[in-house]
Amino acid sequence: MANIGLKRIYFWLVGSDGQVIKDTVKGLSTDGVYVVDTNPGNGNLGTRTANITGLSGTPTKIPGNDTIVAVSNPPSAPSVAINANAINFAVKQKLLGRVETKVKGAYTEGTTLPDVGLIIESTSPTSGKPIFYGFGRGKVTEASQNIQTNTDTVETREDDNLTFTALGFSGFPNEAAVAVADASVVSFTKSAYFDMCAPGQTLVTSDSDKSVSLK
């Protein structure tokens with residue numbers, strides 16, 4: 001879909017029951033869904049890019065009797081390369097499944113990667129309404145960290161670079177990996193969309209939307 005800008009991204013941890021984990025210790029927040037905002041007091045500085053690839057599978061032509069008799073339509077295998085200026089340190093460690101050591105604030109690699117959900121919000125260039133890309137379940141990894149020296153004229157920054165690999169989600173028809181949405185469609189409700197992508201969340205409900213005031 002055509003879109004303008006990157007308004008924000010949302011993360012959550014998925015429990016073994018498929019529901020969002022609503023807890024600041026076991027999950028990411030009391031609402032379940034965590035917003036990567038631009039508030040340095042929250043440890044965040046917003047997201048620069050969320051590059052989605054693999055939204056469609058690669059069709060394969062099937063030959064027979066010297067002609068093409070069919071075309072296979074394999075499922076999509078989306079992946080999102082996220083470049084954020086800064087993501088809250090403790091939240092990032094939870095997304096990566098890292099385990100805090102006896103030294104508070106120090107983490108080591110865990111034995112398993114948790115199930116993580118992700119929603120990316122952009123804006124339609126025609127209606128000005130939100131465009132959403134929702135992933136109900138996936139894994140987050142961090143491949144590298146390139147730390148460079150400052151110079152006498154340049155301050156060298158290194159962003160938080162994460163890769164989200166989407167998996168099939170039982171909350172979507174046919175256990176698809178992604179659900180895209182256009183908020184300008186008649187009868188679309190943000191709360192219903194969030195409930196579908198992140199079952200059990202309370203960040204966005206029919207009565208209130210706690211994300212509205214966030215930048």
Side-chain angles (χ1 to χ4, degrees), residues 6-37 42-55 75-100 107-122 132-145 159-172 175-181 190-191 193-204 210-211 214:
L6 173 56
K7 190 168 185 180
R8 60 174 67 97
I9 62 174
Y10 308 79
F11 281 117
W12 61 92
L13 296 184
V14 183
S16 57
D17 58 355
Q19 298 286 301
V20 169
I21 300 176
K22 293 184 292 185
D23 186 272
T24 56
V25 176
K26 296 180 180 179
L28 304 182
S29 74
T30 54
D31 292 310
V33 176
Y34 184 84
V35 184
V36 180
D37 57 21
N42 293 332
N44 301 312
L45 288 176
T47 308
R48 295 169 62 89
T49 60
N51 184 24
I52 308 172
T53 56
L55 279 173
S76 63
S79 179
V80 186
I82 297 168
N83 179 358
N85 291 314
I87 298 175
N88 178 280
F89 179 77
V91 168
K92 177 181 169 182
Q93 308 316 306
K94 291 180 181 180
L95 295 174
L96 295 168
R98 292 175 179 164
V99 179
E100 190 170 26
Y107 293 78
T108 59
E109 187 175 16
T111 56
T112 59
L113 291 174
D115 280 349
V116 176
L118 169 68
I119 289 176
I120 301 166
E121 181 178 350
S122 185
F132 295 103
Y133 298 83
F135 306 87
R137 187 171 69 98
K139 304 293 184 180
V140 173
T141 54
E142 181 183 46
S144 62
Q145 195 79 46
D159 298 339
D160 280 325
N161 291 289
L162 303 175
T163 299
F164 177 89
T165 303
L167 302 172
F169 179 53
S170 60
F172 296 159
E175 293 202 12
V178 59
V180 298
K190 185 176 176 181
S191 60
Y193 180 74
F194 269 64
D195 286 340
M196 178 179 69
C197 295
Q201 64 82 33
T202 54
L203 178 74
V204 182
K210 298 176 185 177
S211 71
L214 300 174

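Positions are given from 1, in the same order as the sequence printed here.
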Count the heavy atoms belonging to other residues, nucleotides or ligands that lie under 6.0 Å from CD of Gln145, then report whether that count exceeds 12.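 Enclosed.
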
Residue pair [X] / [Y]: nearest heavy atoms and the distance that separates them:
X	Y	result
Gly134	Cys197	CA-SG, 4.0 Å
Met196	Gly171	CG-O, 3.8 Å
Phe11	Val116	CD2-CG1, 3.8 Å
Gly117	Phe164	C-CE1, 4.4 Å

Side-chain (Arg8) to main-chain (Val36) donor-acceptor, under 3.5 angstrom: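 Not a single qualifying donor-acceptor pair exists.
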
Asp160 side chain to Ile87 backbone, donor-acceptor under 3.5 Å: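 It does hold such a pair.
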
Is there a side-chain contact between Lys139 and Asp115 (heavy atoms, below 4.5 Å)?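 Yes, their side chains come closer than 4.5 Å.
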
Atom [atom1] in [X], atom [atom2] in [Y]: separation rounded to 0.5 Å?
X	Y	atom1	atom2	answer
Glu142	Gln93	CD	CD	7.5 Å
Thr47	Glu121	OG1	CD	11.5 Å
Ile21	Lys26	CD1	NZ	8.5 Å
Leu162	Thr141	CG	OG1	7.5 Å
Thr49	Asn161	OG1	CG	7.5 Å

Could I get the full list of side chain to side chain contact (heavy atoms under 4.5 Å, CB included) partners for Asp195, not counting sequence neighbours?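 Listed in chain order: Gln201.
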
Among Thr24, Asn42, Asn44, the one residue meeting side chain to side chain donor-acceptor pair (under 3.5 Å) with Tyr34: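 It is Asn44, the one option of Thr24, Asn42, Asn44 that forms the side chain to side chain donor-acceptor pair (under 3.5 Å) with Tyr34.
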
Sorted by first residue and then second, give each salt bridge (charged side-chain N to carboxylate O under 4.0 Å, His left out) pair with at least one member in residues 12-21; sequence neighbours left out.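 As it turns out, there is no salt bridge (charged side-chain N to carboxylate O under 4.0 Å, His left out) pair with a partner in residues 12-21 once direct neighbours are skipped.
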
Using a strict cut-off of less than 4.0 Å between a Lys/Arg side-chain nitrogen and an Asp/Glu carboxylate oxygen, indicate whether Lys22 and Asp31 qualify as a salt bridge.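 Asp31 and Lys22: not salt-bridged.
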
